[in-house]
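Protein chains get the first letters and strands the later ones, always in sequence-line order, with residue 1 at the start of each. Everything numeric in this text was worked out from a predicted model, so none of it was measured.
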Number of protein chains: 2
Amino acid sequence: MEGHNKTAEISQQMKEKGLRITPQRFAVYANLLSRCDHPTVDDILTEINRELPIASKASVYSALSVLREVGLVREVLLDEGVTRYDAKVEPHHHFVCEGCGQIKDLAWDVFKNLQLNPLPSGFQVNAYEITVKGCCDRCNLERVEDQNP
Amino acid sequence: MEGHNKTAEISQQMKEKGLRITPQRFAVYANLLSRCDHPTVDDILTEINRELPIASKASVYSALSVLREVGLVREVLLDEGVTRYDAKVEPHHHFVCEGCGQIKDLAWDVFKNLQLNPLPSGFQVNAYEITVKGCCDRCNLERVEDQNP
DNA sequence: TTAAATGCAAACTATTTGCACGTAA
DNA sequence: TTACGTGCAAATAGTTTGCATTTAA
């Protein structure tokens, strides 16, 4: 239930980045690795404190901050004024359901033949990311039901 | 200096959407039409109150809210935990300079041959938007100077 | 005339910060 | 042992809300 990364592997990844390993940081990173729902700070906090209170909110912020600095996690910034986090750092895109707000990862190659026309001169591209907005199955269903009550 | 939309045209657009025209709303929308820098609420507030205090922050929030509801403006959500606004509502992409934070509009066709591979089933696409991150001329220059002092 | 908008201040939410205490290395 | 991390609480920033007053139509 804790994901497929072994404790030692997780510690190893953090050590390689020069991070001191504390129970709080470990819990944050392990939790993030085990889920794919792009949780917020509160989501993570709730989850790691579920059985045994282990970390404060400030520590979760702090842990996420250093994990992001060393490249083990990244922020997912969409709408809503909340920062979400993701332990999947390879380039990929996101699908956001406008009904329920769920966020799904999209494989990098979900867009094919993506070619950048010359940008207005003076710009150098480092990265790009596509946010696809739409509706998931369940929300489509509910919408149809609303219109035919 | 106030952009190329005439007063009457701006009022007309707002009326067509069923909006009551108040000095505050008018100022907010006119200001947004006249600029292309994706301003924040504070940016707009400062600008419309520059010569003569005309609107409170709450009114700017309120004006932007209704303007967005009727589709005359849209939110631009990038990083930084601030909401930016844009009176250009046609689909387009954004370039964000990671150095100075400036945001440039990119024409819709700046990506050519963009084809969506089938999504994982159960998703219906309403819209998508590409955020390109990189460096503008000036910031590239500064970076080079930093490395060769 | 009157439903709707404004302005102020207080409330709320997400995040950051300062500092005394605790702990991983 | 000690530099670094944690926890708490206070501070900050962006945004929303309640309510009395004003105003566009």
Visitor: What is the separation between atom CE on B/Met14 and atom P on C/dA5, rounded to the nearest whole Å?
Guide: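 That distance rounds to 11 Å.
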Visitor: Among the nucleotides D/dT15, C/dG7, D/dT6, which one has an atom lying closest to any side-chain atom of B/Ser56?
Guide: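 Nearest to the side chain of B/Ser56 among the choices is C/dG7.
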Visitor: Taking for each residue the nucleotide of DNA chain D bearing the nearest heavy atom, is the 5' side occupied by B/Ile21 or by B/Val41?
Guide: B/Val41
Visitor: Of the candidate nucleotides C/dA14, D/dT15, D/dG5, which contains the atom at the shortest distance from the side chain of B/Lys57?
Guide: D/dT15
Visitor: Establish, from distance only, whether the side-chain atoms of A/Asp43 and A/His38 form a donor-acceptor pair under 3.5 Å.
Guide: no
Visitor: Please check the phosphate of C/dG7 (OP1 and OP2 only) for any side-chain N or O of B/Ser59 closer than 4.0 Å.
Guide: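 For C/dG7, OP1 or OP2 has a side-chain N or O of B/Ser59 closer than 4.0 Å.
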Visitor: Apply salt bridge (charged side-chain N to carboxylate O under 4.0 Å, His left out) to residues B/Asp42 and B/Lys57 and explain how you reach the verdict.
Guide: CA-CA 8 Å; B/Asp42 273 318; B/Lys57 190 179 278 198; 3.0 Å; yes
Visitor: Rounded to whole Å, please give me the gap between NZ in A/Lys17 and P in C/dA25.
Guide: 18 Å
Visitor: Closest nucleotide of DNA chain C for B/Leu19 versus for B/Ala58: which of these residues is on the 5' side?
Guide: B/Leu19
Visitor: Counting neighbours of CD on B/Glu51 that are heavy atoms of other residues, nucleotides or ligands and sit closer than 6.0 Å, is the number greater than 12?
Guide: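 No - once you tally the heavy atoms of other residues, nucleotides and ligands closer than 6.0 Å, there are 12 at most.
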Visitor: Roughly, in whole Å, what's the span from CG in B/Asp42 to P in D/dT12?
Guide: 16 Å
Visitor: Base, sugar-phosphate or nothing for A/Leu64? Non-hydrogen atoms, less than 4.0 Å.
Guide: nothing
Visitor: When you check the phosphate oxygens OP1 and OP2 of C/dT6, does a side-chain N or O of B/Thr22 lie under 4.0 Å from one of them?
Guide: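 Checking C/dT6 against B/Thr22, a side-chain N or O does come within under 4.0 Å of OP1 or OP2.
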Visitor: Once hydrogens and angles are ignored, does a donor-acceptor distance under 3.5 Å link the base of D/dA24 to the side chain of B/Arg20?
Guide: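 For B/Arg20, whose side chain was compared with the base of D/dA24, there is a donor-acceptor pair (under 3.5 Å).
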Visitor: With a 4.0 Å cut-off on heavy atoms, is A/Ala63 in touch with a base, just the backbone sugar-phosphate, or nothing at all?
Guide: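 Result for A/Ala63 = nothing.
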Visitor: To the nearest angstrom, how far is B/Glu69 atom CD from D/dT16 atom P?
Guide: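 Going from CD in B/Glu69 over to P in D/dT16 covers 11 Å.
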Visitor: Between C/dT6 atom P and B/Leu67 atom CG, what is the distance in whole Å?
Guide: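 From B/Leu67 CG to C/dT6 P: 10 Å.
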Visitor: Hey, does the side chain of B/Gln24 come within less than 4.0 Å of C/dG7's phosphate (OP1/OP2), counting only N and O?
Guide: yes
Visitor: Quick one: is A/Thr83 getting a side-chain N or O under 4.0 Å of the C/dA14 phosphate, OP1 or OP2?
Guide: no
Visitor: A/Thr40 near the nucleic acid: base, sugar-phosphate alone, or nothing, with a heavy-atom cut-off under 4.0 Å?
Guide: nothing
Visitor: What's the CD1-P distance between B/Ile54 and D/dA24, to the nearest Å?
Guide: 11 Å
Visitor: Which pair of non-hydrogen atoms, one from A/Arg74 and one from A/Lys88, has the smallest distance, and what is that distance?
Guide: NE-O, 3.6 Å
Visitor: State, to 0.1 Å, how close A/Gln13 and A/Leu72 come at their nearest heavy-atom pair, and which atoms those are.
Guide: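 Here A/Gln13 and A/Leu72 meet closest at O-CD1, 4.0 Å.
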Visitor: For C/dA5, does either OP1 or OP2 sit under 4.0 Å from a side-chain N or O belonging to B/Arg25?
Guide: yes
Visitor: D/dG7 C1' sits how many Å from A/Asn49 CG, rounded?
Guide: 12 Å
Visitor: Please step through side-chain contact (heavy atoms from CB on, under 4.5 Å) for the pair B/Val28 and B/Val73, ending with a clear verdict.
Guide: CA-CA 10 Å; B/Val28 167; B/Val73 315; over 6 Å; no
Visitor: Between atom CD1 in A/Ile44 and atom P in C/dT15, what is the gap in whole Å?
Guide: 11 Å
Visitor: Does B/Tyr61 have a side-chain nitrogen or oxygen under 4.0 Å from the phosphate oxygens OP1 or OP2 of D/dT15?
Guide: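 Yes, B/Tyr61 has a side-chain N/O under 4.0 Å of OP1/OP2 on D/dT15.
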